[in-house]
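A, B, ... follow the sequence lines: proteins, then strands. Residue 1 opens every chain. Values reported hereafter were calculated over all heavy atoms of this structure, with side chains retained and with hydrogens, waters and symmetry mates removed.
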2 protein chains.
Amino acid sequence: MIHILLVEDQALVRQGLKMMIEQDEQLQVIAEAEHGLEALQKMEKHMIDLVIMDIRMPVMNGLEATRKIKEQWPNVKILILTTFNDDEYAVQALKDGANGFLLKTAEQQKLIQAIYSCMRGGMAIHEDVAAKMLPRLLEKSKQAPTTNIPLTPRELAITKLVGEGKTNKEIAAVLHLSVGTVKNHITQILQKLDLRDRTQLAIYAVKHDITS
Amino acid sequence: MIHILLVEDQALVRQGLKMMIEQDEQLQVIAEAEHGLEALQKMEKHMIDLVIMDIRMPVMNGLEATRKIKEQWPNVKILILTTFNDDEYAVQALKDGANGFLLKTAEQQKLIQAIYSCMRGGMAIHEDVAAKMLPRLLEKSKQAPTTNIPLTPRELAITKLVGEGKTNKEIAAVLHLSVGTVKNHITQILQKLDLRDRTQLAIYAVKHDITS
DNA sequence: GAAAAACTGTGACTTGAGTCATTTTCGTAA
DNA sequence: TTACGAAAATGACTCAAGTCACAGTTTTTC
């Protein structure tokens, strides 16, 4: 038997969900809340396995509630209820520890499926939500096309070490060079990349993922 | 009429795909290739709208081919053919510009759907593939839970500017402080975070996404 | 085989960065 | 009310970093 907490401010939607969920005899809604704060209170009173959480709510929204619940009860699964327009929230929700997404327009069959897949440790994400989220996630991890970095292999190696926060002395030791040579290379690198000092170079290295 | 290039080394799979695709009268496979290199050659000879690309192939794999095709023909759509075990490649493929993923086990209805959604500019990603990829993507953009960064607001502001590569003088100007004060704060910050110099601090700032 | 680019090194010089001691002000929590 | 941490500042000191000029060696490229 899976014990579920329903968090959703609109009573009608909540009722509908409850009925759909309890069509499956292994699933039971043993608590309901109208906003995040109430959800936290219910969590303390009941043994909850899974929370179904709306994002837009008064008092405390779903993101904050998700974060706080995951802090105190890391093993509880959380499914986010979402609409097509919530995609910027969705990414944040995932970072906060959500285990999946339900479109409000989903039919009950998908709903039940999502609950079980999420309880099994998987991640339940509706196809359309994923399609919207992925490009957003990629933007951040992309901006480094590794193209046209006009550095020689030696310069790259030094850039990498600068990006790890090493001093010239340490770099010299690792590469078996003199400190003076390292300095010369760095002068060269800064000129090529139009940077001012090793700090800007380190930032460059991290952002362009020069870590090989 | 949508012109399609099929890239897949196994002739049987290729034949099957072709038949499934051409069930739809708007879709036509006008070229086929057994590996990435051949695909590039075919691209030059035909006007292609969409490429369906396997990942594991001899001579030149699907990732490299995707990258090269997107470089020369940025408007061509590319759908990656994948299995459940390819998820580490999948992320890379997306970064290289792929427009979607097809599971090799998908039925023809899903296949056709994916092609159209991809041509409309959307991203076609099978639910199960997305579920596997998202956690992987999140790991990279996550590691900064913004928690326990024991810095005061002032220190945070300075850390942020260091992370932008600013000098103490510039930071002092922005925050209306003396250079000495900035130095003092930085000494304090370095001690708190157990770092050695502003370069390591800048790296810390970038990695923890302190950019507010 | 010659030219170009990459790699290595030295020494001298300038300056930004970081540490330390010490002081003052301000708000807030015990 | 007191005590404390955050914030701001000054001055003096040390040193790593960066620039510059010059030079030798090796590797790549045409």
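- Judged purely by atom type and a 3.5 angstrom limit, A/Glu164 has no side-chain atom pairing as donor or acceptor with the backbone of A/Lys166.
- One atom, CD of A/Gln188, and another, P of D/dC20, lie 12 Å apart when rounded to the nearest Å.
- Comparing A/Asn184 and B/Glu155 by the nucleotide of DNA chain D whose heavy atom lies nearest to each, the residue mapping closer to the 5' end is B/Glu155.
- Nearest to the side-chain atoms of B/Ser178 among the listed nucleotides D/dT19, D/dA9, D/dA7 stands D/dA9.
- Remark: the backbone N or O of B/Met57 is not paired with any side-chain donor or acceptor of B/Asp9 at under 3.5 angstrom.
- The pair A/Glu71-A/Arg67 does not count as a salt bridge, with every side-chain nitrogen at least 4.0 angstrom from each carboxylate oxygen.
- Taking atom CD1 of residue A/Ile158 and atom P of nucleotide D/dA17, one finds them 13 Å apart after rounding to whole Å.
- You'll find the side chain of A/Leu81 reaches within 4.5 Å of the side chain of A/Glu8, heavy atoms only.
- Sequence order on DNA chain D of the closest nucleotides to B/Leu175 and A/Thr167 puts B/Leu175 first from the 5' end.
- Dashed line: the shortest gap from a side-chain N or O of A/Thr187 to OP1 or OP2 of D/dG18 is not under 4.0 Å.
- Of the side-chain N and O atoms in B/Thr181, one or more sit less than 4.0 angstrom from OP1 or OP2 of D/dA9.
- Counting non-hydrogen atoms of other residues, nucleotides and ligands closer than 6.0 Å to CE of A/Met1 gives a total above 12.
- The interatomic distance linking A/Leu161 (CG) with D/dA17 (P) rounds to 13 Å, in whole Å.
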Pair B/Ile189, B/Leu201 - check side chain to side chain contact (heavy atoms under 4.5 Å, CB included), show working. CA-CA 8 Å; B/Ile189 296 169; B/Leu201 178 56; 3.8 Å; yes
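- Contact annotation: the side chain of A/Glu155 approaches that of A/Gln188 to within less than 4.5 Å [non-hydrogen atoms, C-beta and beyond].
- Going from atom NZ of A/Lys166 over to atom P of D/dA16 covers 17 Å, rounded to whole Å.
- With a cutoff of under 4.0 Å to any heavy atom of chain A, the contacted region of DNA chain C is bounded 5' to 3' by C/dA6 to C/dT10.
- Atom CG in B/Asn168 sits about 15 Å away from atom C1' in D/dA9, given to the nearest Å.
- As rounded to whole Å, 12 Å separates atom C1' of D/dC15 from atom NZ of B/Lys183.
- Among the protein residues, A/His185 comes within range of the nucleic acid bases, having at least one heavy atom under 4.0 Å from a base atom.
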